[in-house]
Amino acid sequence: MAKVSFIGLGTMGWPMASHLAKAGHTVTVFNRTASKAQKWAAENGGSAAATPCDAAVDSDFVFTCVGNDDDLRQVTTGPDGAFYGMKKDAVLVDHTTVSATVVRELYAEAKKRELNFLDAPVSGGQAGAEKGSLTLMAGGDEEIFRRTEPVMQAYATTLQFMGPSGSGQLTKMVNQICIAGIVESLSEALAFGLAAKLDMQKVLAAIAGGAAGSWQMANRSQTMIEDKFDFGFAVDWMRKDFGICMDEAKRLGVSLPVCALVDQLYAEVQKMGLGRQDTSTLIKRLRRN
Ligand SMILES: NC(=O)c1ccc[n+]([C@@H]2O[C@H](COP(=O)([O-])OP(=O)(O)OC[C@H]3O[C@@H](n4cnc5c(N)ncnc54)[C@H](OP(=O)(O)O)[C@@H]3O)[C@@H](O)[C@H]2O)c1
């Protein structure tokens, strides 16, 4: 069993850290809102540290799952960042969805300090984190990934090493580009069916197993019909991800017209005050009653 730290106890980080504790690792947590870290430690039996640096001291593995590029810089190389507390040869694994640029920068910075860094974004959402069945795509040094893999199996069931630093984040971008149009299509289809006064349970039973089926349909259609969106993957985070994808696409000379369109639709959803709601709230633009 290892000594580990977890920084960022949000929708994803909280259950991921809990799985590490359940697996028998000694876990120290840090959260910006300190009361959450205290609550986590009280419920899970680990300890709470006052800064990312303090949390990282003596740990073999340090995990981060925060918000965006700036947040990740803050908890790693910012004042009281984890890099200043880590012991030689320890591994920092970042699970945040961020740009390939920031993770390559942190990989180089870690090397300079005789530390290791992996970019390892995840997919599978809140439910995947709670069940411990996330998919994880990693970039960095393969030997370091193999060293870390058994620990990450506490919360991930599919773990893929993708290649050099940044490859994990590039793979996550492919994932987000795939999802972009699907949520809007599902929103349009459900809004259409409801307007036509169809029995949507019967509709879904008829079509979910065929070519129209998707993860979004299986996991979100019911809550979309019931008008429930207070969970899951925030619209604000999806817009952050589209920004990352479109910046990278510009560098690669690839066009992403559907991403650009759906990004604008999400901007409208944010204006409706729904930025912290699950991405399936996209249907609200079409169905305002
Ligand atoms: N939710 C999903 O379904 C999902 C799925 C895959 C990937 N992701 C990605 O995973 C990351 C986290 O998502 P989430 O849904 O868990 O977000 P969340 O619920 O908003 O949690 C974010 C966490 O990061 C902390 N944080 C943010 N900025 C920070 C900073 N500058 N310094 C220190 N701590 C900071 C927050 O602390 P406070 O408690 O103080 O706010 C909170 O613990 C995002 O990059 C997201 O895109 C999310």
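Start at 1 and go down the list; that is how both ligands and their atoms are numbered.
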Quick one: do the Trp237 and Thr279 side chains pair a donor with an acceptor below 3.5 Å? no
Mark yes or no for whether Asp54, through its side chain, and Ala49, through its backbone, hold a donor-acceptor pair below 3.5 Å. no
Test: Lys284 and Asp227 ion pair at under 4.0 Å: yes
One thing to verify: whether Arg147 and Asp89 come together as a salt bridge, which I'm taking to mean a side-chain N less than 4.0 angstrom from a carboxylate O. yes
Distances for all N or O pairs of ligand 1 and the protein under 3.5 Å?
from     : atom 1 : to     : atom 2 : distance (Å)
ligand 1 : 1 (N)  : Gly232 : O      : 3.4
ligand 1 : 16 (O) : Thr11  : N      : 3.2
ligand 1 : 16 (O) : Met12  : N      : 2.9
ligand 1 : 17 (O) : Trp237 : NE1    : 2.9
ligand 1 : 19 (O) : Thr11  : N      : 2.9
ligand 1 : 19 (O) : Thr11  : OG1    : 3.0
ligand 1 : 20 (O) : Trp237 : NE1    : 3.4
ligand 1 : 20 (O) : Arg276 : NH1    : 3.2
ligand 1 : 20 (O) : Arg276 : NH2    : 3.2
ligand 1 : 28 (N) : Arg32  : NH1    : 3.3
ligand 1 : 28 (N) : Asp71  : OD1    : 3.3
ligand 1 : 28 (N) : Asp71  : OD2    : 3.2
ligand 1 : 31 (N) : Asp71  : OD1    : 2.9
ligand 1 : 31 (N) : Gln74  : OE1    : 3.2
ligand 1 : 39 (O) : Asn31  : ND2    : 2.9
ligand 1 : 39 (O) : Lys36  : NZ     : 2.7
ligand 1 : 40 (O) : Arg32  : NE     : 3.1
ligand 1 : 40 (O) : Thr33  : N      : 2.9
ligand 1 : 40 (O) : Thr33  : OG1    : 2.5
ligand 1 : 41 (O) : Arg32  : NH2    : 2.9
ligand 1 : 43 (O) : Leu9   : N      : 3.1
ligand 1 : 43 (O) : Gly10  : N      : 3.3
ligand 1 : 43 (O) : Asn31  : OD1    : 2.7
ligand 1 : 45 (O) : Gly67  : O      : 2.8
ligand 1 : 45 (O) : Thr97  : N      : 3.2
ligand 1 : 45 (O) : Lys240 : NZ     : 2.9
ligand 1 : 47 (O) : Lys240 : NZ     : 2.7

Do the side chains of Arg251 and Glu248 get close enough for a salt bridge, i.e. N-O under 4.0 angstrom? yes
Does a donor on one side chain sit under 3.5 Å from an acceptor on the other, for Asp241 and Gln176? yes
